[in-house]
Colleague: 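Structure provided below as structure tokens; questions to follow.
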Number of protein chains: 2
Amino acid sequence: MIKFKNTEYQCSMELTLDLIGGKWKALILWYLGENTLRFSELRKALPKVTQKMLTQQLRELEESGLVKRFIYTQIPPKVEYSLTEAGKSLLPILATLCQWGLNYISQLEPSTSKHSCQASEQ
Amino acid sequence: MIKFKNTEYQCSMELTLDLIGGKWKALILWYLGENTLRFSELRKALPKVTQKMLTQQLRELEESGLVKRFIYTQIPPKVEYSLTEAGKSLLPILATLCQWGLNYISQLEPSTSKHSCQASEQ
DNA sequence: CAGAATCCCCGCAGATACTG
DNA sequence: CAGTATCTGCGGGGATTCTG
């Protein structure tokens, strides 16, 4: 039994899912990768995520200490996001998950298995 | 770009999240582990998941080929769930995630870090 | 540009009852 | 026991507008 932030978890997997199990969190972390991206760049990278959701999930990731937010006090505004060390420590696991997905489809359709698995290119 | 089951994914991470990113899927997979569990046992293991949700998520996992469903044709009914090989191939990754969660909290509160990380004991 | 705020819909998920 | 079926609510999340 684990207590954390007024929530009880019977397993640390539950805790982990609370941190990165949000609707878009894993994807955001993955696309951030080692990069530093502006809000608008993240939006372009994740067109399926509405701006509201993106902001919301980023706030939660920031509160969990997985994402850093750097604000340039200027007009027009400029905000950059990047992973914290804790966030970066997830990248290898996410990479494995990504690779697992590739293996999964290549098992089912051994013919057309020429896909790529990369998140962070400029 | 990946096409799979009439859905387009721009990254295999999206595909992976479609497979195991459901609200309870990772948890179900994790608690199944190497075990074979009856429906009622799964319910006891996951008290926060309603029976309806559990059934639904299990169906989706089954359709994805990650979970096997074995029906004893008898009365009263008996149904057992276990992971397929594809499902079991996820366990090491889930274990890493679980461990990551433990590290995460032990970083934040170095004092009370005496938790456990195990899903599958009878 | 990066968001906060507002409105509002619909579908997720809970509760309950029923069945083989 | 292991589900389906039905009803219902409420809040997640979309679309849009406004602001510093």
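Proteins come first, then strands; the chains are lettered A, B, ... in the order of their sequence lines, and each starts at number 1.
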Colleague: Report yes if a side-chain nitrogen or oxygen of A:Arg43 is closer than 4.0 Å to either non-bridging phosphate oxygen (OP1 or OP2) of C:dA2; otherwise report no.
Modeller: no

Colleague: Can you tell me how far C1' of C:dA4 sits from CG of A:Leu58, to the nearest Å?
Modeller: 15 Å

Colleague: Under a single-linkage definition using a 4.5 Å side-chain heavy-atom cutoff for Ile, Leu, Val, Met, Phe, Trp and Tyr, are A:Leu54 and A:Phe70 assigned to the same hydrophobic cluster?
Modeller: no

Colleague: B:Gln57 CD to D:dG3 C1': how many Å, rounded?
Modeller: 16 Å

Colleague: Can you see if the side chain of A:Ser40 gets near the phosphate of C:dA2 - specifically, an N or O under 4.0 Å from OP1 or OP2?
Modeller: yes

Colleague: Figure out the NZ/C1' separation between B:Lys78 and C:dG20, and round it to whole Å.
Modeller: 18 Å

Colleague: Provide, to the nearest angstrom, the distance between the CD1 atom belonging to B:Ile71 and the P atom belonging to D:dC1.
Modeller: 17 Å

Colleague: Figure out the NZ/C1' separation between A:Lys23 and D:dG11, and round it to whole Å.
Modeller: 13 Å

Colleague: Please state whether the base of D:dG13 and the side chain of A:Gln56 form at least one donor-acceptor pair under 3.5 Å?
Modeller: no

Colleague: Hey, does the side chain of B:Lys52 come within less than 4.0 Å of D:dT4's phosphate (OP1/OP2), counting only N and O?
Modeller: no

Colleague: Provide, to the nearest angstrom, the distance between the CE atom belonging to B:Met53 and the C1' atom belonging to D:dT4.
Modeller: 13 Å

Colleague: What class does the angle between the rings of A:Phe39 and A:Tyr81 fall in, given that below 30° is parallel, 30 to 60° is tilted and above 60° is perpendicular?
Modeller: tilted

Colleague: Check this one for me: any side-chain N or O of B:Arg38 less than 4.0 Å away from OP1 or OP2 of D:dC1?
Modeller: no

Colleague: OP1 or OP2 of D:dG3 sitting under 4.0 Å from any side-chain N/O of B:Tyr72?
Modeller: no

Colleague: Would you please say whether a donor-acceptor pair under 3.5 Å links the side chains of B:Glu80 and B:Tyr72?
Modeller: yes

Colleague: Which listed nucleotide (D:dG3, D:dC1, C:dA13) is nearest to the side chain of B:Pro76?
Modeller: D:dC1

Colleague: Quick one: is A:Arg59 getting a side-chain N or O under 4.0 Å of the C:dA2 phosphate, OP1 or OP2?
Modeller: no

Colleague: So, do B:Leu66 and B:Leu83 sit near enough that their side-chain heavy atoms are less than 4.5 Å apart?
Modeller: no

Colleague: May I ask you to evaluate whether B:Arg69 reaches the phosphate of D:dG3, defined as a side-chain N or O under 4.0 Å from OP1 or OP2?
Modeller: yes

Colleague: I want to confirm an ordering. Mapping A:Lys48 and A:Pro77 to their closest nucleotides on DNA chain D, which one lands closer to the 5' end?
Modeller: A:Lys48

Colleague: Send over the distance from A:Glu80 CD to C:dC1 C1', rounded to a whole Å.
Modeller: 13 Å

Colleague: Rounded to whole angstroms, how far apart are NZ on B:Lys44 and P on D:dC1?
Modeller: 8 Å

Colleague: For a 4.5 angstrom cut-off between non-hydrogen side-chain atoms, does B:Leu42 reach B:Val49?
Modeller: no

Colleague: Could you tell me whether the side chain of B:Gln51 has a donor or acceptor atom within less than 3.5 Å of a complementary atom in the base of C:dT16?
Modeller: no

